[in-house]
Each structure stands twice: as C-alpha cells, then as structure tokens.
Number of protein chains: 2
Amino acid sequence: MDQASPSGDELLRVLTAMASPHRLRIIAALAEGRTYVSQLARQLQMNRPLLYMHLQRLEAAGLVTGVLETARDGSSVKYFELVPFALELTPEAVIAAVRSLGAEQAETDGPAPGAPETGGSRRDTSK
Amino acid sequence: MDQASPSGDELLRVLTAMASPHRLRIIAALAEGRTYVSQLARQLQMNRPLLYMHLQRLEAAGLVTGVLETARDGSSVKYFELVPFALELTPEAVIAAVRSLGAEQAETDGPAPGAPETGGSRRDTSK
DNA sequence: CGGGGGTGTCAGTCTCTTCTGACAGGGGGT
DNA sequence: ACCCCCTGTCAGAAGAGACTGACACCCCCG
C-alpha cells in the first residue's frame, strides 16, 4: 500500500516526520507491536502531551495509525500501530518530488524575466 | 559509496537535511549538474548566505560536496556537486538506526523500577 | 580606478517547533 | 466515597532553525 512515488508535499511531510530522534524512537518502539499512549509514554520516558504531539505528526505523515478502542469494561484506550512503509530515497525521487512541490517553483535554468536581484553581493548600487 | 546501514545519528542528519523544501530543491537542481553558489542562488532565487547555510547542511549530511576551484584567471568559484545516494527508509532501518542513536536510549519493555511518574495526568496526588 | 562578479562570515531578527504543567473529562475497583 | 488509570486539549515558556542585510576580501575588464 506504500506509494511508490509520493507527491512533493507528501514526501516532505514524511521526511519532517522522521527527522526527529524522538519520533524515530517511537517508530522503532511501535515496530515491535502496538501500544497505547500512556504505556508508550512510560516506555520512552517522555511526557504524555509531548508524545501525543509526536504521534499526531507521525499519523499526519501516514506512518502510524491510532484507533480509540473502547474495551468491554468501558475504558477507552488509544492504540497506535505502525503502518508498514518503504520508500527509497534517491536523487531521482527527489527530482520527481520537487516537480510537484507546493506553491511556486523556481525554474532549473531560466532567466526569470521580471525577477529582481537575487544575490546580496551588490556593494550598494541602489542605496 | 552509499552506506547501506548508516548509524542513528548519521541517518538523522540525512533526514533533517532532506526535511526542507529548499534543500530538496537544491538537491534537484544539483542533480542536473554541478554549479557554483552564486549561480545556484540566482536559479533558485534565494539569498546567497541562506543558500550557503543550506549547502553546508547538505554537505554535513554527506549529500553534496563542494570544491573551491581556482580558475586559471585567478577567480575562485566554489562548485557544488551531488553525491549519489540511495537509502531505503523502512521500519527495520529505523530500528537498526535507533539502536545506535546518540546518548541514552529507553528500553523497549522494562518496568523501570525507580522511574517516577511519567504522565502528568494525576489529579492532584501531591498537591 | 571604478565597476562587476565571486567567496566567506557575522550579528541580528523572526518564525516555527518542541516541551512542560495543568486542566477538562470518562470509567472502574475497593 | 476515594483512588487509580486512561484520553484529550491548552496556554505559555524555551529553544532551534530559517532568513536578512551588511561587511570583509579576491581577481579581472573597461
């Protein structure tokens, strides 16, 4: 179910999601089986609200899924589970991703007609 | 040249390096051929010092390399080149990486005897 | 000699993320 | 009743990162 070539924004979301030691640890912990929030908080020794935030970020990136299971005894427990993923990080993948990156995109090689000075190397032409 | 299984910190550095739209764009631009800083700054329409910072980050992650080439006419131009990379992002890779992550690491499943309360959910036990 | 292009670096903002403590609840055992 | 374990959310402090303008210097061409 993994997307072979995610959109630029998609890839970016996944990357920012993984770019954190805490979140990597969460993924690793979750890879060994599903757990619920408080339990995981104890395992990783981190604040629950904090863990919550990280989990949401991971979920937004589609790396984990959380379901609120209401046990037969009525107590609610939110179990988180790892979504198996496998994406290959290569220059080609990046190129493809950049193509569909949010908002405007700079040309690879263009004169950029109306574009003003980009560099800051001018001594003081205008001033 | 690609390391099959980078250390935790290594992977983390690469991930944080890629987790930026600007840096992705830089990689994409650099994938089409080497360029020097000012040139690239014009292409991507960004400030040179800013681009510089991003390039350094990418270089620190080992994704690009920069060489200061002194042309025959004496002018110095710093060319940046993309280092071909290919790393697979999977739960297993993350597990392996977390194992060798900097500093302390939380156990996957331990009672943590002397560990105090982690969550902040207590109503007001102490107060 | 005055542009014009290039590199390198710095101090300062400014915005986003991370992190904490506290609060709101829901439900169950003793 | 009290105590325990769980979820969900929030305001605000603290920190890291992104970004800017200006400055230092180099060399060549007219």
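Lettering follows sequence order; numbering is per chain, from 1. Predicted model, so just to flag it, every value in this text is computed and none were measured.
The shortest side-chain heavy-atom distance between Leu89(A) and Leu15(A) falls under the 4.5 Å cut-off. A 4.5 Å side-chain heavy-atom check between Ile27(B) and Ile95(A) finds every atom pair outside the cut-off.
Residue Gln56(A) contributes atom CD, which lies 13 Å from atom P of dT7(D) at whole-angstrom precision. If you take CE of Met53(B) and P of dA11(C), they are 15 Å apart, rounded to a whole angstrom. Spacing between atom NE2 of His22(A) and atom C1' of dT20(C) amounts to 13 Å, rounded to whole angstrom units. Taking atom CZ on Arg48(A) and atom C1' on dC6(D), their separation rounds to 8 Å, with Å as the unit. The CG-C1' distance, from Leu15(B) to dG17(D), rounds to 17 Å in whole Å. If you measure from atom CE of Met46(A) to atom P of dG21(C), you get 14 Å, rounded to the nearest angstrom. Rounded to an integer number of Å, the gap from Phe80(B) CZ to dT7(C) P is 9 Å. Going from atom CG of Leu55(B) over to atom P of dT9(C) covers 13 Å, rounded to whole Å.
Listed by chain and number, the residues in a side chain to side chain donor-acceptor pair (under 3.5 Å) with Ser75(A) are Asp73(A) (sequence neighbours excluded). Ala93(A) meets the side-chain contact (heavy atoms from CB on, under 4.5 Å) test with Thr90(A); sequence neighbours excluded. Every ring pair (Phe, Tyr, Trp, His ring centres under 6.0 Å) that Tyr36(B) has, sequence neighbours left out, goes to Tyr79(B).
When the side-chain nitrogen and oxygen atoms of Tyr36(B) are compared with OP1 and OP2 of dT7(C), none of them lie within a distance under 4.0 Å. Taking side-chain N and O atoms only, Asn47(A) has a distance below 4.0 Å to OP1 or OP2 of dT20(C). At dT17(C), one or more side-chain N or O atoms of Arg57(A) fall inside 4.0 Å of OP1 or OP2 (strictly under the cut-off). A sub-4.0 Å separation between OP1 or OP2 of dT17(C) and a side-chain N or O of His54(A) is absent.
Rounding to the nearest 0.5 Å places CG of Leu55(A) at 11.0 Å from CG of Leu63(A).
Distance from the side chain of Ser38(A) is smallest for dC6(D) among the nucleotides dT9(C), dC19(D), dC6(D). For Arg42(B), the listed nucleotide lying nearest its side chain is dG6(C); candidates were dT9(C), dG6(C), dT20(C). Of the listed nucleotides (dT7(C), dG21(D), dC6(D)), dC6(D) has the atom at the smallest distance from the side chain of Val77(A).
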Distances under 3.5 Å between protein N/O atoms and the N/O atoms of nucleotides 28-30 of chain C, please, pair by pair.
residue: dG28(C); atom: OP1; partner: Asp73(A); partner atom: O; Å: 2.6

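Sorted by first and then second residue, the side-chain hydrogen bond (donor to acceptor under 3.5 Å, both in side chains) pairs involving residues 56-71 of chain B (not counting sequence neighbours) are Arg34(B)-Glu69(B).
Nearest-nucleotide positions on DNA chain C for Leu68(B) and Thr16(A) put Leu68(B) closer to the 5' end.
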